[in-house]
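Structure, as structure tokens:
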Amino acid sequence: FVYTENINAAYATGRGQFGKTSVQLGMRMENTNSIGDSRSMNRVDKNHYTNLFPSVFVQQSINKDNQVGLQYSYRIGRPSYDKLNPFLWMLNLYTYMQGNPFLRPQYTNSLGLNYTYKNKFITSLGFNTTDDMFTQIIEQNPVSKVLYQTDKNLSNSKGLNLTETAQIDLTKWWHLNATAMVMYTNTASDYEGVRDFYLWSFSGNMSNTIN
């Protein structure tokens, strides 16, 4: 499987300061051209698409100790090489994996709101939606009746997250950085056999720097 991908991109950004409010706007245009040549299957698949990806960042300084910010971005997630490769990976006598050369990119809208106190404590609330999300499914070959595993653009996902970050100098030589996050995810699909699911999760990390 010989895969060739060419991405042509142009990006423009602008910044402005209006009193205590700073604004940054960005726009990225991407043109993607790909060719998947499966030599063993004598099959060539071509794909061409052009997209615009805007971004907005607004930061408002209330006073020296308090700042709030708003951000929005639209991003693309391209399928990886192994998800596109139509070659067969045998798992056992009755099951194999196969890539999908017709897999489309997935697109994500992200919206975030943050509050910063004394540049030490940051509270962030985020919301994102992903369309045409890659979904791993199992189907059956109608002729051989063998099961195979592949990916398709089936699902739409919505996510909400709350993050608290602390960046504190405990002493002149000891700096603490800690983050805790709670996330909620709702994934829906219209494909038969793929169930909707809802998921709560959390994560946390802490690092200490001692000079």
Side-chain angles (χ1 to χ4, degrees), residues 7-32 49-80 103-135 153-170 174-190 196-209:
I7 301 173
N8 307 289
Y11 184 79
T13 184
R15 297 181 181 180
Q17 186 71 36
F18 308 95
K20 294 184 178 181
T21 305
S22 61
V23 179
Q24 177 176 318
L25 304 176
M27 179 65 73
R28 181 180 179 88
M29 182 182 70
E30 289 190 2
N31 168 255
T32 303
Y49 50 90
T50 301
N51 302 106
L52 293 175
F53 302 100
S55 61
V56 180
F57 301 91
V58 180
Q59 192 74 21
Q60 173 70 42
S61 178
I62 301 173
N63 51 48
K64 67 176 183 178
D65 292 334
N66 300 273
Q67 294 87 36
V68 293
L70 178 69
Q71 58 190 38
Y72 166 78
S73 64
Y74 182 53
R75 294 191 174 94
I76 186 174
R78 294 181 177 83
S80 59
L103 202 60
R104 302 184 306 275
Q106 60 185 21
Y107 297 91
T108 301
N109 287 280
S110 298
L111 181 65
L113 180 66
N114 62 78
Y115 166 69
T116 303
Y117 177 67
K118 289 188 174 181
N119 290 322
K120 294 181 179 180
F121 300 96
I122 304 173
T123 303
S124 301
L125 180 65
F127 175 74
N128 61 77
T129 63
T130 300
D131 297 319
D132 279 343
M133 190 170 69
F134 312 140
T135 306
N153 300 95
L154 298 178
S155 301
N156 298 300
S157 175
K158 297 180 178 64
L160 185 67
N161 61 79
L162 177 65
T163 306
E164 184 65 36
T165 301
Q167 302 173 344
I168 307 172
D169 290 319
L170 299 177
W174 185 359
H175 178 77
L176 169 68
N177 192 323
T179 300
M181 176 184 289
V182 178
M183 295 165 286
Y184 171 75
T185 303
N186 175 7
T187 301
S189 173
D190 295 330
D196 300 352
F197 71 87
Y198 310 88
L199 176 68
W200 284 95
S201 59
F202 68 92
S203 66
N205 64 74
M206 179 178 65
S207 62
N208 295 270
T209 303

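Hydrogens, waters and symmetry mates play no part in the numbers below; they use all other heavy atoms, side chains included. Note that the coordinates shown come from a computational prediction; the quantities given were computed from them, not determined experimentally.
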I need the [X] [atom1] to [Y] [atom2] distance, nearest 0.5 Å.
| X | Y | atom1 | atom2 | result |
| --- | --- | --- | --- | --- |
| I122 | Q67 | CD1 | CD | 9.5 Å |
| Q17 | Q59 | CD | CD | 10.0 Å |
| T129 | L160 | OG1 | CG | 12.0 Å |
| N114 | L125 | CG | CG | 10.0 Å |
| N51 | M29 | CG | CE | 10.5 Å |
| T50 | E30 | OG1 | CD | 10.0 Å |

Which pairs pass ring-ring contact (aromatic ring centres under 6.0 Å, His included) with one or both residues in residues 53-73, sequence neighbours excluded?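 For residues 53-73: F53-Y74.
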
4.5 Å side-chain heavy-atom contact, [X] and [Y]:
| X | Y | result |
| --- | --- | --- |
| T108 | S110 | yes |
| S80 | F134 | no |
| N161 | T185 | no |

So, [X] side chain and [Y] main chain: donor-acceptor pair closer than 3.5 Å or not?
| X | Y | value |
| --- | --- | --- |
| D196 | S189 | yes |
| T123 | F121 | no |
| T13 | L25 | yes |

Minimal non-hydrogen separation, [X] against [Y], with atom names:
| X | Y | answer |
| --- | --- | --- |
| M181 | T163 | CE-OG1, 3.1 Å |
| Y11 | G26 | OH-CA, 3.8 Å |
| T187 | M133 | CG2-CE, 3.5 Å |
| L113 | G69 | CD1-O, 3.2 Å |

Report the relative orientation of the aromatic rings in Y184 and W200; use parallel for angles under 30°, tilted for 30 to 60°, perpendicular for over 60°.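 Answer is tilted, since the angle falls between 30° and 60°.
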
Would V58 and V68 satisfy side chain to side chain contact (heavy atoms under 4.5 Å, CB included), going step by step from the backbone distance to the final call? CA-CA 8 Å; V58 180; V68 293; over 6 Å; no

Show, in sequence, the C-alpha distance, side-chain angles and deciding distance for Q106 and S155, and conclude whether the side chain to side chain contact (heavy atoms under 4.5 Å, CB included) test is met. CA-CA 10 Å; Q106 60 185 21; S155 301; over 6 Å; no

Check against side-chain hydrogen bond (donor to acceptor under 3.5 Å, both in side chains), N8 and N31: CA-CA 5 Å; N8 307 289; N31 168 255; 3.1 Å; yes

Could you walk me through whether Q167 and N119 pass the side chain to side chain contact (heavy atoms under 4.5 Å, CB included) check? CA-CA 8 Å; Q167 302 173 344; N119 290 322; over 6 Å; no

Heavy atoms from other residues, nucleotides or ligands near CZ of R78 exceed 12 (cutoff 6.0 Å):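 For R78, atom CZ is crowded (more than 12 foreign heavy atoms under 6.0 Å).
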
Would you say that more than 12 heavy atoms from the other residues, nucleotides or ligands in this model lie under 6.0 Å from the OH of Y117, or not?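 No - once you tally the heavy atoms of other residues, nucleotides and ligands closer than 6.0 Å, there are 12 at most.
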
How far apart are the C-alpha atoms of N66 and Y115, what are their side-chain angles, what is the distance that settles it, and do they pass the side-chain hydrogen bond (donor to acceptor under 3.5 Å, both in side chains) test? CA-CA 7 Å; N66 300 273; Y115 166 69; 2.4 Å; yes

